[in-house]
> 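Please find one structure pasted underneath; my questions will follow.
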2 protein chains.
Amino acid sequence: MTDVPRRQPTLDEVAERAGVSRSAASRALNNAPHVSAEKRAAVQRAIRELDYVPNTTARSLATRQRGAVALVISGEAPSIFADPFFAKVIVGASAALEEADLHLMLCLAASDRSRRRLAELLRARGVDGAMLMAVRENDPVLQIARESEVPVVFGGRPPGFEAPWYVDVDNAGGARQAVEHLLARGRRRVGMICGLPDTEASRARHRGYREAVILAGLQPLPPEYGDFTEPSGTAALAALLTRHPDMDGVFAANDNMAAGALRALRGAGRTVPGDVAVVGFDDLDIAQIAEPPLTTVHQPIHALGNEMARMLVGLVAGAEPNSLILPTHLVTRSST
Amino acid sequence: MTDVPRRQPTLDEVAERAGVSRSAASRALNNAPHVSAEKRAAVQRAIRELDYVPNTTARSLATRQRGAVALVISGEAPSIFADPFFAKVIVGASAALEEADLHLMLCLAASDRSRRRLAELLRARGVDGAMLMAVRENDPVLQIARESEVPVVFGGRPPGFEAPWYVDVDNAGGARQAVEHLLARGRRRVGMICGLPDTEASRARHRGYREAVILAGLQPLPPEYGDFTEPSGTAALAALLTRHPDMDGVFAANDNMAAGALRALRGAGRTVPGDVAVVGFDDLDIAQIAEPPLTTVHQPIHALGNEMARMLVGLVAGAEPNSLILPTHLVTRSST
DNA sequence: GTGAATCTTGGGAGCGCTCCCATTTTGCGG
DNA sequence: CCGCAAAATGGGAGCGCTCCCAAGATTCAC
């Protein structure tokens, strides 16, 4: 490994061995037209014999295409990225990129330095396009996206910015379903645990909650805020319970916090779903593992990543795709 | 975005505007010696005025350096990659790469097709080096690693292959500590739940278990095997308990399975740690969230990623680093 | 058999940058 | 004021590929 720097064969060498011109070899390589069957075969044999692999860098320089796109995750990576959410997005995106023969550059844009590198990556055409995830209000990466000459697809709409292309999940609709389900189960005092308020997902879920409650002719309770972690859910539920001791239902903006809420309810001696019914959001593993297993809003995370990548692939190829909002649906388990 | 394809300025244009030769401009750009202070300043001004960003592809072609490395995750991505483990490795690696100004290419090598693409990426020098994670015995990516002319660092030693450079975690030592801890707590019939047997981590943890038990003059119990998931831990513990109803301690090869074991014990009416003490491995979030919180072996995952990346950066720069085994340590919580 | 239309073919000019090298300029001790 | 070493300078040859284009080879209808 790494020793013998015996140069890789070049296309000229392939051409020479096959007894054709470099142009013909290139055409055969990319199986373009205007090459006779014999020459094509000769080139293919030479390629095999020399174990030739085209140099992508040279190709990129000539074609002005990089063969790679970036997946950018904004915000404090250590905390945010630990969420299995992103792993699933990546898997979904990878699948679509693989089909288009594009590589995936992963960029964690948390520090100023990493953001500067990202900006250069885009400006220097180090990638053919980018997918942006977890962009928050007034996020500095928005500026980079705005100035990008390379197409950019957003995963989730960033608050306060009209993204030209995005794939989102029906957060409001899912939240509304969740709360309607709670109400249908006869709950009348339903509280909410929100996530970080500078994300659109968080806001949309709160909006869905309010709509459902108001449509039922009830009064929304002021929400408690967490940071999407389990302990913050525990704390939020405790606060909620202090304010509204008669609360009989809770909708949490994600499963982690819902699990935290479950813990707090157990600590407070309330039964679930007997005294208080709980619904989460995400449908991650933790929802099934929790005690009791959580009713939650399933969101198609894999599809989110997949569709973002497809959209970007289309954009790179010059298409004009439409933004997408993917449906969510409720998964009923024993917490309600 | 993507419209106005107004070409980025080139170095020639910068040179012309600054009234110097392209060579001088290049030297100034890379602040190399042999440029007078005035010309250097003139070039810098021209760069600023034209908003010039060097084309990395052209630079790569000339220097034969890509400015990027690959992080390869072998195996069935959907299942494996969902583990927050990899997210932490990535964060750790990213930090080190950012310092070295290298980009991260993420490759999920699950399918034949993705493996072929990976092989080409390395052969075509699409990256300057690679980090390989989750390589199993007889894993097809091993072949790719062997043939790579670009340096490769392994994360964890692949079984049955003498990796020239790797960063690993002291799996055997950690397991041994875990079991010694159980024995020190007075447990005498300690069982083990192993992970997938074709990973070295899994084997090493089992080895550590056996050593500790034998050193204490006791008899190791035949292990049960899971697949690192929570449900498989539940099943494994049930099987273990059937075979050894008097079992008073369990060591699970990871936290997920330990959490599953906890569930099974609860179902069987055994108290933890009263009747059976449980130790996990990983120290992921789930260890703290579990009921009761799990005693577990902490492994420095962030450091693992970080050290892999540092090692690769060194290798790319021509250094001859030494492989590394990072220490693990026991974190005691209420499950023991 | 002939001219037009269509294919093939290879030469050559890039893509934008780095770096070697021959040439010119500068600095400085004697 | 001269000679020589050291620094500065710009020309030019790549890096390995794509693609335009002019020239030559084929085909085919009439």
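In what follows, chains are A, B, ... by sequence order, proteins preceding strands, each numbered from 1.
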> Can you tell me how far C1' of C:dC7 sits from CD of A:Glu38, to the nearest Å?
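Spelled out: CD on A:Glu38 to C1' on C:dC7 is 13 Å.
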> What is the distance, to the nearest angstrom, from the CG atom on A:Asn31 to the C1' atom on D:dC19?
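Going from A:Asn31 (CG) to D:dC19 (C1'), I get 16 Å.
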> What are the two closest heavy atoms between A:Val167 and A:Met311, and how far apart are they?
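Reported closest heavy-atom pair: CG2-CE, 3.7 Å.
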> Polar atoms only, N or O, under 3.5 Å: list the protein pairs with nucleotides 11-17 of chain D and their distances.
{"from": "D:dG11", "atom 1": "N7", "to": "B:Ser23", "atom 2": "OG", "distance (Å)": "3.2"}
{"from": "D:dG11", "atom 1": "O6", "to": "B:Ser23", "atom 2": "OG", "distance (Å)": "2.7"}
{"from": "D:dG12", "atom 1": "O6", "to": "B:Arg22", "atom 2": "NH1", "distance (Å)": "3.2"}
{"from": "D:dC15", "atom 1": "O3'", "to": "B:Arg64", "atom 2": "NH2", "distance (Å)": "3.2"}
{"from": "D:dG16", "atom 1": "OP1", "to": "B:Arg64", "atom 2": "NH2", "distance (Å)": "2.8"}
{"from": "D:dG16", "atom 1": "N2", "to": "A:Ala58", "atom 2": "O", "distance (Å)": "3.4"}
{"from": "D:dC17", "atom 1": "OP1", "to": "A:Tyr52", "atom 2": "OH", "distance (Å)": "2.4"}
{"from": "D:dC17", "atom 1": "OP1", "to": "A:Asn55", "atom 2": "N", "distance (Å)": "3.2"}
{"from": "D:dC17", "atom 1": "OP2", "to": "A:Leu11", "atom 2": "N", "distance (Å)": "2.4"}

> Where the side chain of B:Ser74 meets the backbone of B:Val135, is there a donor-acceptor pair that is under 3.5 Å apart?
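Absent.
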> For the pair B:Arg116 and A:Asp101, find out whether any cationic side-chain nitrogen is under 4.0 Å from an anionic carboxylate oxygen.
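Not counted as a salt bridge, because no side-chain N and carboxylate O are separated by less than 4.0 Å.
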> Just by distance, no angles: are the side chains of B:Arg66 and B:Ser60 close enough, under 3.5 Å, to form a donor-acceptor pair?
yes
> If only atom types and distance count, is the side chain of A:Arg115 paired as donor or acceptor with the main-chain N or O of A:Ala110 below 3.5 Å?
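Confirmed, A:Arg115 side chain pairs with A:Ala110 backbone.
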> Have a look at the helix from C:dG1-D:dC30 to C:dG30-D:dC1 and give the angle its two end axes make, five pairs each, rounded to 10 degrees.
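Overall, the helix from C:dG1-D:dC30 to C:dG30-D:dC1 bends by 40° from one end axis to the other.
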> Is it true that the side chains of A:Asn306 and A:Arg310 contain a donor and an acceptor less than 3.5 Å apart?
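Side chains of A:Asn306 and A:Arg310: pair found under 3.5 Å.
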> Considering just the side-chain nitrogens and oxygens of B:Lys39, establish if one lies under 4.0 Å of OP1 or OP2 belonging to D:dT9.
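True: B:Lys39 side-chain N/O within range (under 4.0 Å) of D:dT9 OP1/OP2.
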> Within the 4.5 Å heavy-atom criterion, are A:Thr57 and B:Thr57 side-chain neighbours or not?
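Yes, close enough: below the 4.5 Å cut-off.
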> Given C:dT8, is OP1 or OP2 found less than 4.0 Å from the side-chain N or O atoms of A:His34?
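Yes, A:His34 has a side-chain N/O under 4.0 Å of OP1/OP2 on C:dT8.
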> Do B:Pro300 and B:Val169 have side-chain heavy atoms sitting under 4.5 Å apart?
yes
